[in-house]
Amino acid sequence: MSLNPAQRAAVEHCDSPLLVLAGAGSGKTRVITEKIRHLIAVRHLSAAKIAAITFTNKAAREMRERAEKLLRGVDSEGLTVCTFHSLGLKFLQIEHAAAGLRRGFSIFDTDDSASVVKDLMPRGSNAQALAAVRALMSRAKADGLSPEQAAERAQSPREREAADVYGQYQKRLAAFNAVDFDDLIRLPVALLEAHESLREAWRERLRYLLVDEYQDTNGTQYALLKLLAGPRGAFTCVGDDDQSIYAWRGADPENLHRLGTDYPNLRVITLEQNYRCARRILRAANTVIAHNPHLHPKQLWSEHAEGESIRVFECSDHEHEAERVASEIQFLAQKHKTAWNECAVLFRGNHQSRPLEKALQLLRIPYHLSGGTAFLERAEVKDVLAWLRVIANPDDDAAFLRAVAAPKREVGSTTLARLGEMANQFHLSLARAAERTDVLGNLPARSANALDGFMRVLATLRRAAHAMSAADLCRKLFQDSGQAAALRAECRDEALFERRCGNVEELAQWFDAAGKGSAGELVAQLALLTAADRDSPGNAVRLMTLHAAKGLEFAHVFIVGLEDGLLPHESSIEEGRIEEERRLFYVGITRAKTLLHLSYPRRVKRFGEVVKVTPSRFLDELPAAELHVVGRDAAQDSERSREHAGAAIARLRALFAED
DNA sequence: GGTGAGCTTCTTTAC
DNA sequence: GAAGCTCACC
């Protein structure tokens, strides 16, 4: 298949900075991969000097695969395809000294950083206050502000509080030899701004940048792009303002316009031909998104067939909805020989997956849940990771706190609080303080013994770490730390125990597959992976949030939970962010190639009580002529689905009745 | 002083 | 409907 004129222009334009406004399904990944080939094969740029930046690791992996297929016969050695955060991590691992970090520094995930914030806030601060301060702090960091700058700009008492916490928080992180997600971008930016030599070195190292999902860049990411691209502006950014769905975490769609101001010679190319969706689906998407104000309206068009109507299922409750979706998928699979992985169920929040999983399990439909509380969130995996972190970085207090309690070893909050006090006094991390006999001497003998026991195991593992692979270290510490034994005691049946050990083994295998690098470095990389990025789902129905679905496509898409208050989400309505919710819905619609199903329950359980649901206002924004509403009255209940799944549904109902 | 049982909280999205 | 907290128990 050849490129269309706009795509070709985007691929071949290399002489000035380029912005590609690419509508949904307009082949933007193709443009990026073709452009990589063009840069190497035609412009004779070394692959090692090209970086393609994506938003998720999953997107990075897919892009790398596609690029490598395309680059057969071309030397693609050293090509960088990664996320902004991975690039930042790579930068910091090389330039750690300039950043004031020691080798083996830790990456604090959202939980780690939340607990630091909690620790810094007045005792008894409620969850709202904590969340607000965390959000403001993260926002300030995403905007590239230092604590001092954040304090200067603070307008409200809460903002002042956040700026104050921010300052203390950074000191704390520095003491832990740790960085958080925001720092992975912010620190490289600060270093590149401060040191001309670094700028020169990195501009030489990366001669051309391609940025995917550009509409989701935040302030610091844009700054990083500018610093790396330099005045030459050797970059291509690809984005779509209609798919900007990350403003809540600091993404600034203004960056699209900023590009034109900062680079007057910016070339803009718009891709409007959609290669993905049936026309009906595309019309529905266009109609919905037309409700948002647009600076530069674009009109997506498609050469595909009209396709079938968009089906709207009105269901009685979440269980009924899940059952409907599951049986519809089974129908598609049986009748049309649709592969499971051609079907995706999309929802607003991770918690919505539960009833769906249940219904799919009962119909024995293989499914794969992306993100959420998957693998990396498993307690046993987090425990092993905490041990690995504290082995690599003795200053990582967050990891220490988790590791010391995995398994429980008579070191409780009181002991840890006292240890913390002494660590503060001596200006030591918890682990380093716990190594000292004078510190242990100040604790009750029993606690001191327990703590000392932990430190001995830790020291032994740390010594052993140099001589073995990260994977083997992982397996060894699982045994030697006592976690394996504790897990066996904890699990009632053998199967559960096996499964949880399997999670740890899976982690070990991930390390094996990740190849070179010390355990500490690999753990750092792992921190950037979401569950969705790591595993290959195989042939299974995909369950994921609308956010996670961006960039993907499926023949059959089910969007569930079209409830007012969920999609659009309550808090977004309150905060006047309805347009982003609409874009989210738009992203969901445009994932579908041939069939789109929308559904909502009439009643849901909330606060234990049954509450009536108002169907999403977005349903009213769809063109009524394209919709086929099913189930408004019981007699209309999808007959064919019942035929195919009658028996299973009876079992389903029985199961739900049990709960 | 650690740990587990039982009660109250608010429930987005994610690198 | 689960995570966080307090309280009683070991």
Side-chain angles (χ1 to χ4, degrees), chain A residues 53-60 82-89 107-111 113-115 118 123-124 126-128 130-131 135 138 141-142 179-186 213 216-218 220-221 244-251 318 346-352 354-355 370-373 376-377 379 404-405 407-418 443-447 450 490 525-533 544-550 561 563 565-575 577 580-581 583-585 587-588 604-609 659:
Chain A
I53 300 168
T54 60
F55 257 79
T56 62
N57 288 288
K58 179 175 55 183
C82 66
T83 64
F84 267 115
H85 289 87
S86 311
L87 184 66
L89 173 61
I107 296 178
F108 272 27
D109 67 16
T110 315
D111 286 347
S113 94
S115 63
K118 190 172 173 193
R123 254 180 64 85
N126 63 31
Q128 272 177 342
L130 289 173
S138 184
K141 298 184 81 168
V179 297
D180 66 13
F181 288 144
D182 297 319
D183 289 336
L184 290 175
I185 317 290
R186 198 181 60 96
E213 308 285 9
D216 287 325
T217 51
N218 64 30
T220 47
Q221 287 163 341
S244 156
I245 53 174
Y246 284 103
W248 53 271
R249 66 165 209 217
H318 283 142
L346 312 181
F347 35 78
R348 179 65 230 262
N350 282 307
H351 64 279
Q352 291 174 266
R354 292 267 156 132
S370 300
T373 52
L376 280 179
E377 301 288 308
V404 79
K408 298 245 158 71
R409 46 172 30 91
E410 300 190 303
V411 178
S413 50
T414 315
T415 306
L416 290 173
R418 295 201 54 187
L443 291 168
R446 189 170 151 175
S447 308
E490 196 184 304
Q525 282 178 36
L526 197 63
L528 298 183
L529 257 60
T530 52
D533 300 324
M544 68 186 90
T545 63
L546 287 158
H547 283 89
K550 193 172 63 155
E563 308 160 32
L566 228 199
L567 183 65
H569 196 274
E570 190 103 52
S571 28
S572 297
I573 300 172
E574 279 164 15
E575 289 157 40
R577 299 200 318 258
E580 181 153 305
E581 296 287 304
R583 288 192 291 268
L584 192 56
F585 185 43
V587 165
V604 291
K605 259 184 286 178
R606 235 173 137 187
F607 271 138
E609 286 310 300
D659 294 342

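Nothing here was measured: the structure is a model prediction, and the numbers come from that model.
The backbone N or O of A:Q221 sits less than 3.5 Å from a side-chain atom of A:N218, completing a donor-acceptor pair. Of the possible donor and acceptor atoms, one in the side chain of A:E581 sits under 3.5 Å from a partner among the backbone N and O of A:H569. A donor-acceptor pair is defined here as one N or O able to donate and one able to accept, closer than 3.5 Å; no such pair exists between the side chain of A:E580 and the backbone of A:R577.
You'll find the ring centres of A:W248 and A:H547 inside the 6.0 Å limit.
At whole-Å resolution of the value, CD in A:E580 and C1' in B:dT13 are 9 Å apart. Spacing between atom CD of A:E574 and atom C1' of B:dC10 amounts to 13 Å, rounded to whole angstrom units. Distance A:Q352 CD to B:dT13 P: 9 Å, rounded to the nearest Å. A:R354 has its CZ atom 10 Å from the P atom of C:dG1, to the nearest Å. Put simply, CZ on A:F347 is 12 Å from C1' on B:dT12, counting in whole angstrom units. Atom NE2 of A:H569 is separated from atom C1' of B:dA14 by 14 Å (rounded to the nearest Å). Between the CD atom of A:E563 and the P atom of B:dT12 there is a distance of 14 Å, rounded to whole Å. Rounded to an integer number of Å, the gap from A:R409 CZ to B:dG1 C1' is 17 Å.
Contact annotation: A:K550 side-chain N/O to B:dT13 OP1/OP2 distance is not under 4.0 Å. For C:dA3, neither phosphate oxygen OP1 nor OP2 lies less than 4.0 angstrom from any side-chain nitrogen or oxygen of A:K118. Phosphate proximity of B:dT11 to A:R348: absent, as no side-chain N or O sits under 4.0 Å from OP1 or OP2. Remark: A:N350 is not in phosphate contact with B:dT12, judged by side-chain N or O atoms under 4.0 Å from OP1 or OP2. Here A:T545 reaches the OP1 or OP2 of B:dA14: one of its side-chain N or O atoms lies under 4.0 Å away. Note on A:T415: a side-chain N or O is less than 4.0 Å away from OP1 or OP2 of B:dG2.
Comparing the C1' positions of B:dT12 and C:dC5 gives a spacing of 24 Å, expressed to the nearest Å. Going from the C1' atom of B:dT11 to that of C:dT6 covers 23 Å, rounded to whole Å.
Heavy-atom nearest nucleotides on DNA chain B were determined for A:D182 and for A:K408, and the one closer to the 5' end corresponds to A:K408. Residue-to-nucleotide proximity on DNA chain B shows that, of A:R418 and A:S572, the 5′-proximal contact is made by A:R418.
Lacking a ring centre under 5.5 Å from that of the base six-membered ring together with a plane angle below 30°, A:H547 does not count as stacked on B:dT13. With its ring centre under 5.5 Å from that of the base six-membered ring and a plane angle below 30°, A:W248 counts as stacked on B:dT13.
Residue A:R577 is classed as a base contact, given a heavy-atom separation below 4.0 Å to a base. Across all strands, A:F55 comes closer than 4.0 Å only to sugar-phosphate atoms, never to a base (heavy-atom distances).
Side-chain contact between A:L584 and A:R348 is present, with heavy atoms from C-beta onward closer than 4.5 Å.
By the 30° and 60° cut-offs, the orientation of the rings of A:F55 relative to A:Y246 is parallel.
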